[in-house]
J.: 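Take a look at the following structure, please.
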Amino acid sequence: MDSEACQRGFYRHSLETKHCLKCPPNSLSNESGATSCSCNAGFYRAPSEGQNIACTRPPSAPRNVSFSLIGTQLSLWWQPPSDHGGRKDVTYTVFCHRCHFLSCEPCEAGVVFSPSASGLTKPAVDVDGLEAYTNYTFAVEAHNGVSGMGPAPQRTAPAVWVAVGHAAPVTVSQFILTQRDDSSLSVSWLAPRQRSRTSVEYEVMFFEKGEEARYTVKHLLEPNVTLTDLQPDTAYLLRVRSITPLGPGPYSPDQEFRTLPPDTGALSGGVIVSIIFGVLLFIGLLMGLLIFRRKQARRRQARPDYNTSGFDREKVWLKPYVDLQPYDDPSRGVLEFTKELDVSCVTMENVIGEGEFGEVYRGSLRLPGKERIVVAIKTLKSTYSDSQWWNFLREATIMGQFNHPNIVRLEGVVTKRRPMMIITEYMENGALDTFLRENEEKFSPVQLVSMLQGIASGMTYLSEHNYVHRDLAARNILVTRSLQCKVSDFGLSRILENDAEGTYETKGGKIPIRWTAPEAIAHRIFTSASDVWSFGIVMWEVLSFGDKPYGGMTNQE
Ligand code: AMP
């Protein structure tokens, strides 16, 4: 066959080639005398590949894409395609979309893939920078050297749907003293592990060295703080932790900073003149000032900031909340723990609910020198009874003593005008029970569990302050736009001593017996342990998207 034309299925590249060669796999020469074999339908040669190379095809889709999610850190992995297309150069590309309900758009640059999003040779990738409480889809596509050379078989695996829940707590470190004088310290810090744009707050606990029991807590939105009204030439210890929708992270190690001695720091021209022209007068003034500051500090120590909160039972002194009972005049009690607001700063917009005491409005609050904020306004109806009035004031008094990301924050009260008002932060998604019923099956188990973690965190704080809620239920939890859950409804004594059944009925016909611990029903023993029972019922409510507990049973049963 040497000098003859090659038969079908064979080819001779040029006349100099001695023998006819068999067409490489997946190629064919249809006519005799062929100088090349063309690829079968669906098979290709890469541009760099010669006639002696087998024709190959794009790979099939990767299989079984799986993921694990810890906080906002995602790992994706998958099985290689069942058909590599006859090649060994398969690589993968991962496509990320961020979705809101059914509308998805490509992920932003903040989402980082390690080692990269495309050209992956191994079937796995880590994804960082995802946002908390956000849904994403990830699709994985397989390629090889002949991908894109013709209509390809399905090479993208079905997209996986990832619902990111809470952000893992951020560890706070790298403290820098940015400024100090004899009565203040300014400190900033870094939160380097925080990559997503989830809302983070910081909690700063500080105290004079050796005086740990008398600490003060501040909550901040930025990673820096200025501590004022400090003693001169005194060492202060400061510890900081982050608070994400999940709750607080770990405290940083204690950081020690010292204020300057009283006469250090910038002396004003006026003081220099005083020194020159009246040394004695100046010393007198300085001493007077010091005595005044000490007195102020002593007063502060005697009655610590009611923002004070402790999370480490062993180390910190926890201040029990103060009830309204000891006050002969409840209006005075309220003023101790709340801020009386000028009614001209409050604008009521629309009714958003009906509470125990009257209508609840959405509105706004504009305090002098501050930005307008959206608030919820609880009003006390004009036909209030004495007990309603007392409970209304009690709710404000108790709420005013709490300061925690999972407790609804009190902005202030109006008690000197009618209608009386309790003004709190506005919770966009309203009560948790209704919210879950309206959004059935829209949240992943991770999201539901992080809602419960938030509630647990708020309830832990309450129990640390000796407060027993008695009416923990999804209807008494409010939800923010970012799905953060906050405990509300304080000071209610709806489970009344004279209510033999231990039950009450609200407008919605909800019977708390379904939420109440057996010992509380039988013996009226309400403790943090009975709140824990109610929390168990709330867990059930949340995971069932707001179903009624023991739905198939009557109260008697
Ligand atoms: P309550 O008197 O606390 O039971 O409130 C009655 C209803 O008003 C609740 O079920 C909510 O729908 C609504 N509501 C109360 N407080 C707020 C708030 N801070 N933000 C948004 N809605 C609220």
Side-chain angles (χ1 to χ4, degrees), residues 245 334 338-339 341 346-365 372-385 387-400 402-415 419-439 451 454-455 458-459 462 467 469-496 504-512 515 534 538 541-542 545-546 548:
V334 173
T338 65
K339 190 158 69 177
L341 300 173
V346 184
T347 313
M348 285 154 87
E349 285 160 14
N350 53 306
V351 177
I352 51 171
E354 180 73 36
E356 287 293 308
F357 311 113
E359 283 165 333
V360 182
Y361 292 78
R362 182 185 186 277
S364 63
L365 174 68
R372 183 179 291 276
I373 56 167
V374 182
V375 289
I377 305 160
K378 272 190 185 185
T379 56
L380 180 62
K381 58 187 164 218
S382 55
T383 54
Y384 60 82
S385 64
S387 79
Q388 280 173 326
W389 170 74
W390 197 87
N391 281 334
F392 189 77
L393 297 182
R394 182 167 185 252
E395 170 151 38
T397 309
I398 290 172
M399 219 194 277
F402 297 142
N403 183 2
H404 187 275
N406 297 103
I407 307 284
V408 171
R409 191 182 63 246
L410 180 77
E411 298 293 348
V413 294
V414 175
T415 60
M420 285 200 198
M421 299 175 194
I422 294 178
I423 293 148
T424 66
E425 65 180 310
Y426 179 66
M427 304 287 289
E428 295 84 355
N429 281 318
L432 178 61
D433 60 337
T434 321
F435 175 66
L436 288 172
R437 275 180 226 129
E438 285 168 358
N439 291 281
M451 290 179 194
I455 302 167
M459 290 305 296
L462 293 181
Y467 181 79
H469 192 288
R470 295 180 168 218
D471 196 12
L472 175 61
R475 63 181 172 274
N476 289 333
I477 302 293
L478 295 170
V479 188
T480 64
R481 186 185 290 126
S482 64
L483 301 191
Q484 192 177 8
C485 287
K486 306 200 183 195
V487 182
S488 82
D489 272 68
F490 298 97
L492 300 174
S493 53
R494 290 184 296 201
I495 303 165
L496 296 165
Y504 72 88
E505 190 138 13
T506 62
K507 291 174 308 314
K510 293 161 195 151
I511 312 281
W515 281 263
S534 309
V538 172
E541 286 187 278
V542 169
F545 285 92
K548 184 178 179 180

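Side-chain atoms are counted along with the backbone in the values below, which use heavy atoms only and exclude waters and symmetry mates. Start at 1 and go down the list; that is how both ligands and their atoms are numbered.
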J.: Please indicate whether any nitrogen or oxygen in Met427 is less than 3.5 Å from any nitrogen or oxygen in ligand 1.
T.: yes
J.: Below 4.0 angstrom from a heavy atom of Glu425, which ligand 1 atoms are there? Numbered from 1 as shown, please.
T.: 18 (C), 19 (N)
J.: Quick check for you: to the nearest 0.5 Å, what is the distance between Phe392 atom CZ and Thr415 atom OG1?
T.: 9.5 Å
J.: Could you list which atoms of ligand 1 come closer than 4.0 Å to a heavy atom of Thr424?
T.: 19 (N)
J.: For ligand 1, indicate whether the residue Lys378 contacts it via side chain, backbone, both or neither (heavy-atom separation under 4.0 Å).
T.: side chain
J.: Look only at interatomic distance and state if Asn476 has a nitrogen or oxygen under 3.5 Å from any nitrogen or oxygen of ligand 1.
T.: no
J.: Show me which atoms of ligand 1 lie under 4.0 Å from any heavy atom of Ala376.
T.: 17 (C), 18 (C), 19 (N), 20 (N)
J.: Check Glu428 against ligand 1 and report side chain, backbone, both or neither, counting heavy atoms closer than 4.0 Å.
T.: neither
J.: Within ligand 1, which atoms have a heavy atom of Tyr426 less than 4.0 Å away?
T.: 20 (N), 21 (C)
J.: Going by the atom numbers of ligand 1, which of them fall below 4.0 Å from some non-hydrogen atom of Ala431?
T.: 10 (O)
J.: With heavy-atom distances below 4.0 Å as the criterion, list the atoms of ligand 1 near Ile352.
T.: 21 (C), 22 (N), 23 (C)
J.: Is there a polar contact, in the sense of an N or O pair closer than 3.5 Å, between Asp489 and ligand 1?
T.: yes
J.: Can you list the atoms of ligand 1 that are under 4.0 Å from a heavy atom of Val360?
T.: 5 (O), 6 (C), 8 (O), 14 (N), 15 (C)
J.: With heavy atoms only and a cut-off of under 4.0 Å, state how Leu478 meets ligand 1: side chain, backbone, both or neither.
T.: side chain
